[in-house]
Enquirer: 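Just dropping this structure here.
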Amino acid sequence: MKRGFPMATRTAGGWLLAVTLLSGVKVDAVLEAGNDYYRVYVADTGNVGQYTATTGPAHPAGNGLNVIFGNGAPGTSFTTIRSYSSGTDYVQDDGKTSSFTVVPLGPLGSVSPIGTTGFRTVYNITGNDQLTVTQDIKVNGTTFEDSTIELTTTVQNNGTTAARIGIRHLIDYQIGTDDGPTFQPVNVVLGDFVGCDPRVSEAQYLSPSFDAYVIEDNDVNPNPPTFNIFGSVNGPAGIQPQPTGPDLLQFTCWPTSFGSAFTYTVDPTRDVATTTGTCQSGTGGGDSAVLYFFGANNASALLIAPGESKTVSISLFLRPIAESVVTNCITRDARFWFTRGTNANPNCVTLHRAIRANCDSFNLGFLSIPRGYHNDNHILDVEDALIEALGLYYRGRGLTGELGGTQSQKRRASALCVERKRTAVELIAALANTVMFGTRPENCVYINSGVHTNFPADLIEQARLTLAGEDIAAVRAMGVLLRKFNLSGARAQFPVGDDFVECSQDPSAVLRRSSRDPTTQNSCPGVNDSCQAAEAVVFPATTNIFARPLFARSVDLTPYTDQLPSLCGTGGREAVWKITPSVGQRGRRFTVNTLGSNFDTVVSIYRGDCDLLEPVNCNDDADLLPQSKVSFSTDGESVYYIVAEGKRGAYGRLKLQVTSP
């Protein structure tokens with residue numbers, strides 16, 4: 001459990017003298033500075049230089065709310081200077097474990113003010129290492145929009161030989177009273193932040209490519225989110241001083257990472273940000289932290305020549321720093337993106353670069369890529385996402401994939417799967433257009449019944465929701481709309497001021513060989529030859545209020561197999577459909593028939609999960625015919641499965657109709 005950190009009391013001159021019990025014995029004096037929106041606090045005795053931060057009196061969310069844990073009393077966030085040259089970790093906080101020799105920095109440091117907005121702590125290290133470490137923490141800006149908390153560290157080598165140095169900052173975030181806020185990588189693209197899904201479990205990013213990340217409370221506070229804080233990574237460009245990109249960034253469990261002086265191993269299964277996670281220390285909403293590494297290992301160490309110095313800087317800021325906003329409609333079609341996978345020229349517009357700008361991933365509604373490892377680094381990254389995106393374009397849509405990203409099992413894709421793949425290609429192109437060019441759908445126009453119509457502002461969100469659904473007609477229509485969007489923009493230009501260059505196409509044979517199908521039977525069902533691959537019953541939309549809901553399919557059962565038992569005698573090769581609760585509302589009546597089939601059929605109705613099916617009803621012969629007809633009502637909660645098969649092994653052309661009066 002975290003130690004208690006009472007709020008300190010203000011003294012004359014704007015500084016704060018806090019009496020805080022650290023580790024049960026240590027009494028520290030704490031200094032305060034900042035502006036009206038953020039306040040920073042630095043320990044002046046004991047663990048000299050440790051820091052924390054809160055909101056200021058003019059912050060819209062309220063005064064004195066934690067940004068970094070501590071209620072204004074440092075003690076849970078700290079900096080480590082690692083010397084690979086001497087095998088020593090110089091640490092601001094006591095009692096850390098390491099394979100290196102651990103030396104406390106506190107006795108070596110002294111603090112001085114930087115105007116009224118921050119403090120400088122200087123550590124003079126002698127002995128095996130001859131170093132001067134200068135750490136500045138201060139608040140920049142004068143308004144709510146431009147205020148930043150800056151943490152800058154400089155290491156100077158006073159020795160006669162080169163020094164190999166690593167720097168680690170552990171930031172123990174707390175938004176208000178939520179000690180386990182979430183982590184979300186983001187990129188700045190022409191005025192907007194493009195974000196990935198928030199992380200609630202430990203994660204790490206080697207040489208992270210994104211501009212920043214968002215820390216946001218998700219529970220514990222009365223009405224989360226209360227506010228959020230952006231942390232710099234490689235940007236944004238408007239931050240001053242310009243942030244230094246770390247070679248390793250980790251989102252961690254604070255109680256475990258706090259105990260390490262430098263090196264830490266993440267566990268991707270450890271939930272650190274919710275009330276149900278195992279990483280807790282008091283408030284019940286998780287306990288997360290962010291670790292910045294500059295020189296995470298000996299190979300990436302900061303090499304500092306005698307008499308020279310190295311400086312790294314990170315910033316916490318309120319919102320995207322202002323960037324130019326382009327309102328033009330600039331797009332490229334799907335063929336453009338899928339024939340330009342990657343290029344050695346960093347200025348080339350490629351699909352690889354677009355995925356990178358979207359935090360190394362694409363959310364396609366029915367699946368997110370990357371979902372598997374396709375190279376030797378065993379990290380789900382942009383390379384894997386590119387390979388899978390190419391698979392949706394170059395691999396046959398008539399087949400669905402399996403774990404491993406191939407189509408070696410030759411499993412036929414359902415009509416829904418085919419449409420999902422076709423529309424996913426257009427969605428990938430649309431995502432590339434928005435994240436690379438900053439194109440807003442509402443600024444682009446298409447012709448609808450002879451009328452010029454702007455695309456909806458939430459086009460991408462609508463597309464994801466549609467792809468996640470099982471209405472084939474809706475998925476197909478969304479694919480058409482996305483294609484119109486991708487064709488709607490000006491092709492003769494790229495956004496002014498960017499370094500974009502249109503480069504030559506890649507050989508399609510090379511792209512095809514590298515592509516892998518990311519779909520599975522669950523995300524993109526095969527033909528409905530099993531319970532897991534059952535096609536959903538969806539009634540066509542119509543404006544005719546007198547039209548009777550009708551779902552009809554015709555299937556040749558020749559290649560199908562017998563996997564489920566018949567509820568009426570002996571069955572045979574079968575096809576399976578399902579009715580989900582969104583269609584099968586409570587008390588709704590359905591009738592299924594196989595009239596018109598050219599063989600003797602049996603229909604069985606089950607409900608539940610594929611691994612535990614409960615019989616509902618069945619029919620063998622209807623109205624003295626060899627075909628079947630059965631009725632049943634749904635409960636609005638269960639999934640119902642329709643199993644249509646041949647009697648005693650018969651098979652042929654199955655015709656199925658589902659009606660609901």
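Residue indices begin at 1 and follow the sequence shown.
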Enquirer: Do Asn158 and Thr132 have side-chain N/O donor and acceptor atoms under 3.5 Å apart?
Expert: yes
Enquirer: At what distance, to the nearest 0.5 angstrom, does OG1 of Thr79 lie from CD1 of Ile171?
Expert: 6.5 Å
Enquirer: Which of these, Val220, Thr55, Asp217, Asn228, sits in a side-chain contact (heavy atoms from CB on, under 4.5 Å) with Ile175?
Expert: Asp217
Enquirer: Could you check Thr256, Asp287, Asp179 and say which one makes a side-chain contact (heavy atoms from CB on, under 4.5 Å) with Cys279?
Expert: Asp287
Enquirer: Decide whether Tyr123 and Gln92 meet the rule of one side-chain donor and one side-chain acceptor closer than 3.5 Å.
Expert: yes
Enquirer: Output the distance between atom CZ (Phe210) and atom CD (Gln184), rounded to the nearest 0.5 Å.
Expert: 10.5 Å
Enquirer: Name the residue from Phe183, Tyr205, Phe230 that meets the ring pair (Phe, Tyr, Trp, His ring centres under 6.0 Å) definition with Tyr213.
Expert: Phe183
Enquirer: Among Leu65, Thr52, Asn66, find the one that has a side-chain contact (heavy atoms from CB on, under 4.5 Å) with Asn71.
Expert: Asn66
Enquirer: Quick one: side chains of residues 341-351, donor-acceptor pairs under 3.5 Å with protein atoms, not counting sequence neighbours, listed by atom name and distance.
Expert:
| residue | atom | partner | partner atom | Å |
| --- | --- | --- | --- | --- |
| Asn343 | OD1 | Asn345 | N | 2.9 |
| Asn345 | OD1 | Asn347 | N | 2.9 |
| Thr350 | OG1 | Arg353 | N | 3.0 |

Enquirer: For the residue pair Asn128 / Ser86, report whether a side-chain donor-acceptor contact shorter than 3.5 Å exists.
Expert: no
Enquirer: Under 6.0 Å from the six-membered ring centre of Phe258 and within 45° of its axis: does the NZ or CZ of Lys96 meet both?
Expert: yes
Enquirer: Do we see a donor-acceptor contact under 3.5 Å between the side chains of Glu150 and Thr152?
Expert: yes
Enquirer: Quick check on Arg270: does its CZ atom have over 12 non-hydrogen neighbours (other residues, nucleotides or ligands) under 6.0 Å away?
Expert: yes
Enquirer: Assess, by modelled atom type and distance only, whether the side chains of Thr177 and Asn221 contain a donor and an acceptor separated by less than 3.5 Å.
Expert: yes
Enquirer: Give a yes-or-no answer on whether the side chains of Ser260 and Arg168 include a donor-acceptor pair shorter than 3.5 Å.
Expert: yes
Enquirer: Report the distance from atom OG of Ser288 to atom CG of Asn218, rounding to the nearest 0.5 Å.
Expert: 8.5 Å
Enquirer: Does any part of the side chain of Phe293, heavy atoms only, come nearer than 4.5 Å to the side chain of Arg82, both counted from C-beta?
Expert: no
Enquirer: Can you see whether Asp93 engages Gln50 through a side-chain donor-acceptor pair at a distance of less than 3.5 angstrom?
Expert: yes
